[in-house]
Amino acid sequence: MKKIAIIGSGEFQLPLIKVAKNIGYETHVFSWGGNESVPDFFYEISITDKELILKKCREIQIDGVCSIGSDLANITVNYIAHHMKLIGNSLDCTRITTNKYLMRNHLGLKNVPIPQFNYVSNCKINSDKLFYPVIVKPVDRSGSRGISLVQSEENLRFAIDLALTESFSKEVLIEQFITGREFSVESISYRGEHKILQITEKFTTGSPGFIERGHTCPARITEEEKNRIYDIVYKTLDAVEIENGAAHTELKINDEGKIYIIEIGSRMGGDFIGSDLVFQSTGFDFTKSVIAISMNENLKFTDFINDNVQSRTAIVKFIFNKHDFAECFKFSAENPDSVIHFDYDDCDHIDTRKVTSSADRFGHLLISTDLRYQDQILNKLGL
């Protein structure tokens, strides 16, 4: 039996573990905790402890290693793949796609359209030529942690301190705030060949934290916008040297129609985008294809398409408060056939804790239905 190492065991990694087991691989999962009973073998080791995990993987003699939806896990995945000569991306690619400052520099050199930016390290700003409003963010975090919209200089210091607190490396970006619609693009690569799978439309809370409230796909865009997004994303994938596995590219289209790449990760998008929304709207089994690549199977993209999925929309709505919960509960009760999963915390105490990042949300409703009803459902769910 072939053995696969999976880095992380949280909510977004769970589909990966289950699919790997269903395929018939022996699953070895590394994490501090969560879903310990699901894999065949569980190791209580931090996903950032690369050396210890590498040592265990060598003892186990794994055949492949992967993760989805986590930058921290992705760093360890490619470290192990590199040292064990398994399928993954290069260490340079990993550094570029998990550090927003390196990412901005690299994309800028490759003439990929990005926001203007300034770099902050050790509490010093490289340039005083800032044009407000600006976004302040840690260079090495995801999930909307430490992000602020700053309208004037008087609020800049507080935003930098917040981002520095969240940053592992104590580095911060101050970047041009791009107005407009937000999207993400999921793609798969194998031996340098790229395939875009889906464009997802994003809904956030806006300032101050820009936390994702929900997503829907396919995105509601014109064919001309779709073609331009494809062109820029393919250029971005090549620019950051992604060769194998999933990628998640975030972008904005401003009011003048210009596209800006906000960031790219050499891993699947979280928030159930990669694990559920892509499959429910396209029939492409993204999770299974990521596993196949990591295990060095002879991948054919057509092997992972479900032809029965046609003209579907997939939507995820996240719960921030009692009103969100009531909307989701009512919809799930009235449309049970559309519900893929509906998970939530103890909503009796939902207003006692503030949601400050995506990790704090109280649950979600994920649905799939006929594409004709997309606008109607988004309106019902307040998205």
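The closest side-chain heavy-atom distance from R58 to K55 is not below 4.5 Å. With a 4.5 Å cut-off on side-chain heavy atoms, I221 and I199 count as touching. Looking at K202 and E250, their side chains come closer than 4.5 Å, going by heavy atoms from C-beta outward. P115 is listed as a side-chain neighbour of R104, based on a closest heavy-atom distance under 4.5 Å. A 4.5 Å side-chain heavy-atom check between F177 and K252 finds at least one atom pair inside the cut-off. Side-chain contact between Q198 and P218 is present, with heavy atoms from C-beta onward closer than 4.5 Å. At a threshold of 4.5 Å between non-hydrogen side-chain atoms, the residues R220 and R181 do not count as touching. Within the 4.5 Å cutoff, the side chain of F279 has no heavy atoms near those of the T287 side chain.
A donor and an acceptor atom, one from each side chain of N74 and N78, are located under 3.5 Å apart. D238 and H194 form a side-chain donor-acceptor contact under 3.5 Å, judged by distance and modelled atom types alone. Between the side chains of E241 and S90, no donor-acceptor pair of N or O atoms lies under 3.5 Å. In this structure, a donor-acceptor pair under 3.5 Å is present between the side chains of S169 and D140.
By the 6.0 Å contact criterion, NZ on K18 is open, its count of non-hydrogen atoms from other residues, nucleotides or ligands being 12 or less. The environment of CD in Q116 is sparse: at most 12 heavy-atom neighbours from other residues, nucleotides or ligands sit within 6.0 Å. The environment of E153 atom CD is sparse: at most 12 non-hydrogen atoms of other residues, nucleotides or ligands sit within 6.0 angstrom. The local environment of NE2 in H323 is sparse, with at most 12 non-hydrogen atoms from other residues, nucleotides or ligands closer than 6.0 Å. Y230 OH: more than 12 foreign heavy atoms inside a 6.0 Å radius. Other residues, nucleotides and ligands place no more than 12 heavy atoms under 6.0 Å from the CD atom of E193. Taking a 6.0 Å sphere around CD of E59, one finds it holds more than 12 heavy atoms contributed by other residues, nucleotides or ligands.
The main-chain N or O of E256 is found under 3.5 Å from a side-chain atom of N254 such that the two form a donor-acceptor pair. A donor-acceptor contact shorter than 3.5 Å links the side chain of Q13 to the backbone of I68. The main-chain N or O of T48 is found under 3.5 Å from a side-chain atom of S46 such that the two form a donor-acceptor pair. Judged purely by atom type and a 3.5 angstrom limit, N99 has no side-chain atom pairing as donor or acceptor with the backbone of R95. In this structure a side-chain-to-backbone donor-acceptor pair under 3.5 Å is present from N89 to N244. D360 contributes a side-chain N or O that, together with a main-chain N or O of S357, makes up a donor-acceptor pair within less than 3.5 Å. Side-chain N or O atoms of R228 include one that pairs as donor or acceptor with a backbone N or O of G257 at under 3.5 Å. Without hydrogens or angle criteria, R361 side chain to E212 main chain gives a donor-acceptor distance under 3.5 Å. In this structure, the side chain of K288 does not engage the main chain of I23 through any donor-acceptor pair within 3.5 Å. Between the side chain of T313 and the backbone N or O of C217, at least one donor-acceptor pair lies under 3.5 Å.
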**OP:** Give the intermediate values and the outcome of side-chain contact (heavy atoms from CB on, under 4.5 Å) for residues H248 and M268.
**Re:** CA-CA 6 Å; H248 174 74; M268 189 184 290; over 6 Å; no
**OP:** Take L156 and I174 through the test side-chain contact (heavy atoms from CB on, under 4.5 Å) and record every step on the way to the result.
**Re:** CA-CA 9 Å; L156 183 61; I174 303 174; 4.0 Å; yes
Original post:
Given the rule in the side-chain contact (heavy atoms from CB on, under 4.5 Å) test, do D324 and R213 qualify, once you have shown the distances and angles that lead to the verdict?
Top reply: CA-CA 10 Å; D324 289 341; R213 297 173 49 240; 5.7 Å; no
**OP:** List the steps, then state whether salt bridge (Lys or Arg N to Asp or Glu O under 4.0 Å) holds for E175 with K137.
**Re:** CA-CA 8 Å; E175 64 183 30; K137 62 173 69 171; 3.1 Å; yes
Original post:
Given I87 and M295, is the side-chain contact (heavy atoms from CB on, under 4.5 Å) satisfied, shown in steps?
Top reply: CA-CA 7 Å; I87 296 296; M295 298 295 283; over 6 Å; no
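Taking hydrophobic clusters as Ile, Leu, Val, Met, Phe, Trp and Tyr residues chained together by side-chain heavy-atom distances below 4.5 Å, I75 does not share a cluster with V290. Under the 4.5 Å side-chain heavy-atom criterion for grouping Ile, Leu, Val, Met, Phe, Trp and Tyr, M103 is not connected to Y260 through any hydrophobic cluster. By the rule that hydrophobic residues join a cluster once side-chain heavy atoms approach within less than 4.5 Å of another member, I147 and I178 end up as members of separate clusters. Under the 4.5 Å side-chain heavy-atom criterion for Ile, Leu, Val, Met, Phe, Trp and Tyr, I262 and V150 are members of distinct hydrophobic clusters. The hydrophobic clustering, which links ILVMFWY residues whose side-chain heavy atoms are closer than 4.5 Å, places I291 and I293 together.
Note: R267 CZ to T97 OG1 = 9.0 Å, rounded to the nearest 0.5 Å. From S368, atom OG reaches atom CD1 of I315 across 8.5 Å, with rounding to the nearest 0.5 Å. In this structure, D271 CG and L277 CG are separated by 8.5 Å, a value rounded to the nearest 0.5 Å. Taking CZ from F183 and CG from L251, the interatomic distance works out to 7.5 Å, rounded to the nearest 0.5 Å. Distance check, rounded to the nearest 0.5 Å: CD1 of I367 to CG of D337 gives 12.0 Å. The structure places CD1 of I232 at 4.0 Å from CD1 of I259, a figure rounded to the nearest 0.5 Å.
Classified by interplanar angle (parallel below 30°, tilted 30° to 60°, perpendicular above 60°), the ring pair F318/H215 is perpendicular.
For the residue pair K317 and C328, the shortest heavy atom distance occurs at CG-SG, 3.4 Å. Residues F284 and S289 share a closest heavy-atom pair of CE2-OG, 3.4 Å. The two atoms that bring A20 and I4 nearest to each other are CB-CG2, 4.1 Å, heavy atoms only. Closest of all the heavy-atom pairs between F272 and H364 is CZ-CE1, 3.2 Å. In this structure, P138 and A163 approach most closely via the heavy-atom pair CG-O, 3.6 Å. Closest of all the heavy-atom pairs between F331 and S338 is CE2-CB, 4.5 Å.
Taking Ile, Leu, Val, Met, Phe, Trp and Tyr as hydrophobic and joining them when side-chain heavy atoms fall under 4.5 Å apart, one finds L54 in a cluster with I7, F30, F41, Y43, I45, I47, L52, I53, I60, I62, V65, L72, V77, Y79, I80, M84, L86, F168. When hydrophobic residues (I, L, V, M, F, W, Y) are linked wherever their side-chain heavy atoms come within less than 4.5 Å, F158 remains an isolated member.
Ion pairing between a basic and an acidic side chain is recognised when a charged N comes within 4.0 Å of a carboxylate O; R157 and D161 show such pairing.
The aromatic ring centroids of F342 and Y344 lie less than 6.0 Å from each other.
Among I261, I96, T94, the one residue that satisfies the side-chain contact (heavy atoms from CB on, under 4.5 Å) test with V240 is I96.
Taking the side-chain hydrogen bond (donor to acceptor under 3.5 Å, both in side chains) definition, one finds that S31 meets it with S9, sequence neighbours left out.
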